[in-house]
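Some notes on the structure that comes next.
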Number of protein chains: 2
Amino acid sequence: MQYKYITMGVTKTEHFTEEQNELAVLAKALGHPARIAIIEHLIKVDSCICGELVNELPLAQPTVSQHLKELKNAGLIKGNFEGASICYCLNEEGFEKIKSFFTLINTYLENRKDQCC
Amino acid sequence: MQYKYITMGVTKTEHFTEEQNELAVLAKALGHPARIAIIEHLIKVDSCICGELVNELPLAQPTVSQHLKELKNAGLIKGNFEGASICYCLNEEGFEKIKSFFTLINTYLENRKDQCC
DNA sequence: TATTTATATTGCAATATTACGATTAATTAG
DNA sequence: CTAATTAATCGTAATATTGCAATATAAATA
């Protein structure tokens, strides 16, 4: 058997810029309704949350833990231990990177003249 | 054999709000460096593009076509036929939906007082 | 110290995504 | 009409993601 397609199913990150890969990682982390819900909840309660997320979300505890881990790895939330529980809140850094991308897009869209499509 | 976990690997969209699912779909569509590159290229050339994307990207034609389809399905780009080729440009609607989400986040982050994490 | 509470990790089942060769479809050029 | 060009679709290989039961870990409490 030949390994003709050894990278099938794998994103070819090496062919894109670091900025493009970073943006994709951030967007991907937001690409799940549970993770959107987590972000929204963090904003809603306006404080660091400690665990009640499992009660808020329609998912089992290990699944929530996994989603939190992905948001943390992407740099969109931060988490610190606070006694027995852990405390999460938004990580400004991650959102700053997204911000400049969307500022670029919005500026473009606002000034766009023609639109052949 | 029992099909105990018939929905394994499937996002439980039905338990989230329509808005959360919509946002997740949009973010997910941006969650790949090739699709970020496509959006950036559409902004850079400031016009509808007709096919040269395959030359710009380090991916085969069917792969590029697939990424374009995903961006189109998510509502982030539009495409029209123009003779033998097809013409793509940004779809403002999709980006509008993302915009309000990030406005919410930015407003929150700018006004946030404490930060226990 | 033993028990409870809170969260992370492991392991695994199942679907989703990524990538591309081969092919198809549709238009243009000759 | 035929060949060339352009882009979508099909089929398939391979990895990634999602979800949860079971388990592990770590701190608080009795």
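A, B, ... follow the sequence lines: proteins, then strands. Residue 1 opens every chain.
One atom, CG of B:L53, and another, C1' of D:dT5, lie 17 Å apart when rounded to the nearest Å. Between the C1' atom of D:dA16 and the CG atom of A:N73 lies a distance of 15 Å, rounded to the nearest Å. Between the NE2 atom of B:H67 and the C1' atom of C:dA19 there is a distance of 8 Å, rounded to whole Å. Residue B:L59 contributes atom CG, which lies 14 Å from atom P of D:dA8 at whole-angstrom precision. Distance CD (B:E70) to C1' (C:dT18): 9 Å, rounded to an integer number of Å. We find that CG of A:N80 is positioned 17 Å from P of D:dA26, with the value rounded to whole Å. The interatomic distance linking A:E56 (CD) with C:dT7 (P) rounds to 13 Å, in whole Å.
Nearest heavy atoms, B:K72 versus B:G79: NZ-O, 3.8 Å. Considering all non-hydrogen atoms of both residues, B:A24 and A:P33 come closest at CB-N, 3.4 Å. The two residues B:L53 and B:L68 make their nearest non-hydrogen contact at CD1-CD2, 3.7 Å. Heavy atoms only, all atoms of each residue included: B:G94 and B:L26 are closest at O-CD1, 3.7 Å. Residues A:T13 and A:N21 come closest through the heavy atom pair O-ND2, 2.9 Å. Across all their heavy atoms, B:L23 and B:K97 have their closest contact at CD2-O, 3.9 Å.
Position along DNA chain D of the nearest nucleotide to A:A60 versus B:V54 favours B:V54 as the more 5'-ward residue. Comparing A:S85 and A:K12 against DNA chain C, the residue whose closest nucleotide sits nearer the 5' end is A:S85.
Dashed line: the shortest gap from a side-chain N or O of B:H32 to OP1 or OP2 of C:dA19 is under 4.0 Å.
Residue-environment remark: CD (A:E14) exceeds the threshold of 12 foreign heavy atoms within 6.0 Å.
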Report, one pair per line, the protein and nucleotides 8-12 of chain C atoms (nitrogen or oxygen only) whose separation is under 3.5 Å.
{"residue": "C:dA8", "atom": "OP1", "partner": "A:Y88", "partner atom": "OH", "Å": "2.5"}
{"residue": "C:dA8", "atom": "OP2", "partner": "A:S65", "partner atom": "OG", "Å": "2.8"}
{"residue": "C:dA8", "atom": "N7", "partner": "A:Q61", "partner atom": "NE2", "Å": "2.7"}
{"residue": "C:dA8", "atom": "N6", "partner": "A:Q61", "partner atom": "OE1", "Å": "3.0"}

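A salt bridge links B:K99 to A:E110: at least one charged side-chain nitrogen sits closer than 4.0 Å to a carboxylate oxygen.
For the segment residues 34-42 of chain B, residues with any heavy atom less than 4.0 angstrom from an atom of DNA chain C are, sorted by number, B:R35.
Within the 3.5 Å criterion, the main-chain N or O of B:H67 finds no donor-acceptor partner in the side chain of B:E70.
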